[in-house]
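Read the structure below first, then the notes.
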Number of protein chains: 2
Amino acid sequence: MPEIYLGEFEQIVLLAILRLGDEAYAIPVRAEIDARTGRDVARGALYTALERLGAKACVTSRMSDPLPERGGRSRRYYTVTPAGLRALGASRAALLALWNGVESQLERR
Amino acid sequence: MPEIYLGEFEQIVLLAILRLGDEAYAIPVRAEIDARTGRDVARGALYTALERLGAKACVTSRMSDPLPERGGRSRRYYTVTPAGLRALGASRAALLALWNGVESQLERR
DNA sequence: GTATTAGGCCTACAATGCAGACGCCGCATG
DNA sequence: CATGCGGCGTCTGCATTGTAGGCCTAATAC
C-alpha cells in the first residue's frame with residue numbers, strides 16, 4: 001500500500017461523488033460542492049482534479065449514452081473505488097486526530 | 001472579509017501550533033505533526049508553510065533570546081491570530097458539511 | 001440551417017507542499 | 001582558544017495541486 005495522499009480539494013470532490021451516488025457526473029458534482037462549501041469552482045478545475053484522481057485509481061468513470069434532451073451529450077459518471085475510500089478514511093482520521101481537543105480553543109474565538 | 005483559503009498542510013500546521021500553546025516553535029511543531037498524523041516533513045517544508053501563513057496574517061511570530069544551552073540559538077515562537085482561527089473554523093465547517101452522512105458509506109468499505 | 005443548451009476536454013498559470021543544503025550561534029572539551 | 005558538535009532558523013528550487021477560461025461537440029428547438 002503505497003500511501004496515497006489526497007489534497008484538500010480532491011477530498012472534497014470524492015465526498016461529493018459519494019454523496020451523489022449514481023448521479024455523479026461533473027455538473028452535479030460541481031453543484032454539490034457549491035451548495036455544501038460555497039466554493040464555486042470552474043468546470044475545468046473539476047475535470048483536472050477528477051483526472052488526477054483517476055490516475056491515482058481513486059475513481060473510475062464510464063460514459064453514458066447520449067440522452068434525448070436539449071444538449072443531450074453523453075455524460076461521464078464517476079465512482080469512488082475502494083482505494084479511494086481508504087484514502088479518504090485515512091485523511092479524515094489524520095485531521096480528526098489533530099482537531100481533537102482543539103475545538104474548545106476555537107469557540108473562545 | 002476577503003475569504004482566506006487554507007491548504008490542507010497549512011491547516012495541520014495551525015492546529016499543531018494551537019495544540020502546543022506557548023511552546024510552539026518549529027521543532028516541536030514538526031514533532032507534533034509527526035506524532036499525530038505520521039507525516040514526517042522536512043524542516044524546510046514547515047518553515048515555508050509558516051512563512052506563508054504569516055503572509056496571510058494567520059500567525060504571528062516572535063524571536064526568543066538565545067538560550068544558555070548547548071546549541072542554544074534563539075527560537076521563533078508562533079501564535080495563531082484571530083484571523084487564523086476564523087479561517088480554520090471555516091474550513092472545518094466546510095469539510096464537516098460534506099462528511100456529514102457519508103461516514104456510513106465508508107464503514108461499508 | 002442557425003440558435004441554444006448541456007457537457008466534456010485542453011492549455012496554461014498560480015498556489016501549495018516538500019526537500020536538501022547552508023550557516024549561525026552557543027556550549028563543550030582539549 | 002580552536003575545534004567540534006548539536007539545536008535551529010533560513011534559502012533555493014522543484015513537484016504536486018488548485019483554478020480559470022476558452023474550445024469543441026452533440027443534441028434539440030425554431
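Computed over heavy atoms, backbone and side chain alike; hydrogens, waters and symmetry mates excluded. Quantities reported herein were computed from a predicted structural model and do not represent experimental measurements. Below, chains carry the letters A, B, ... as their sequence lines are ordered, and counting in each starts from 1.
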Closest non-hydrogen atom pair between A:Arg76 and A:Ser61, with its separation: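 Closest approach of A:Arg76 to A:Ser61: NH1-OG, 2.9 Å.
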
Sugar-phosphate only, base, or nothing, as touched by A:Glu51 at under 4.0 Å among non-hydrogen atoms: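 Nothing: the residue A:Glu51, judged by heavy atoms under 4.0 Å, touches no strand.
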
Atom pair distance, as rounded to whole Å: [atom1] in [X] and [atom2] in [N]:
X: B:Ile12; N: D:dT17; atom1: CD1; atom2: P; value: 14 Å
X: A:Tyr77; N: C:dA6; atom1: OH; atom2: C1'; value: 12 Å
X: A:Met63; N: D:dA26; atom1: CE; atom2: P; value: 11 Å
X: B:Tyr5; N: C:dA14; atom1: OH; atom2: C1'; value: 16 Å
X: B:Arg52; N: D:dT10; atom1: CZ; atom2: C1'; value: 14 Å
X: A:Glu10; N: D:dA15; atom1: CD; atom2: C1'; value: 14 Å
X: A:Leu50; N: C:dC10; atom1: CG; atom2: C1'; value: 15 Å

A:Glu32/A:Arg19 salt bridge by N-O under 4.0 Å criterion: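 Here A:Arg19 pairs with A:Glu32 in a salt bridge, since their nearest N and O are under 4.0 Å apart.
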
D:dT10 OP1/OP2 closer than 4.0 Å to side-chain N/O of B:Arg76: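 Answer is yes, contact under 4.0 Å.
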
Under-4.0 Å side-chain N/O to phosphate OP1/OP2 contact, A:Arg39 with D:dT19: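 Answer is yes, contact under 4.0 Å.
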
Donor-acceptor pair present, A:Thr48 side chain and D:dT17 base, under 3.5 Å: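 Such a pair does not exist between side chain and base.
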
Base C:dC25 paired with B:Arg73 side chain (donor-acceptor, <3.5 Å):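 Check fails, no donor-acceptor contact within cut-off.
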
DNA chain D: 5'-proximal contact among A:Phe9 and A:Gly44 (nearest heavy atom):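 Between the two, 5'-proximity favours A:Phe9.
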
5' precedence on DNA chain D between A:Ala49 and B:Tyr78 (nearest-nucleotide basis):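 Here B:Tyr78 is the residue nearer the 5' end.
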
Criterion side chain to side chain contact (heavy atoms under 4.5 Å, CB included) against B:Val29, the qualifying member of B:Val41, B:Ile12, B:Leu20: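 Single pass found, and it is B:Leu20.
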
B:Leu15 vs A:Trp99, side-chain contact (heavy atoms from CB on, under 4.5 Å): CA-CA, chis, key distance, verdict: CA-CA 7 Å; B:Leu15 287 168; A:Trp99 271 109; 3.8 Å; yes

Closest-nucleotide ordering on DNA chain C, the 5'-leading residue of B:Glu8 and A:Leu67: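 With A:Leu67 and B:Glu8 compared, the 5'-side residue is A:Leu67.
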
Residue mapping more 5' on DNA chain C - nearest nucleotide basis, A:Ala45 or A:Tyr25: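 On the 5' side of the pair lies A:Tyr25.
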
Nearest to side-chain heavy atoms of A:Arg43, which nucleotide of D:dA20, C:dC9, D:dT17: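 So the side chain of A:Arg43 is nearest to C:dC9.
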
B:Val41, nearest nucleotide to its side chain (from D:dT10, D:dA26, C:dC18):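 For the B:Val41 side chain, the nearest candidate turns out to be C:dC18.
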
B:Leu6 CG to B:Cys58 SG distance, which is reported to the nearest 0.5 Å: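 Between atom CG of B:Leu6 and atom SG of B:Cys58 there are 5.0 Å.
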
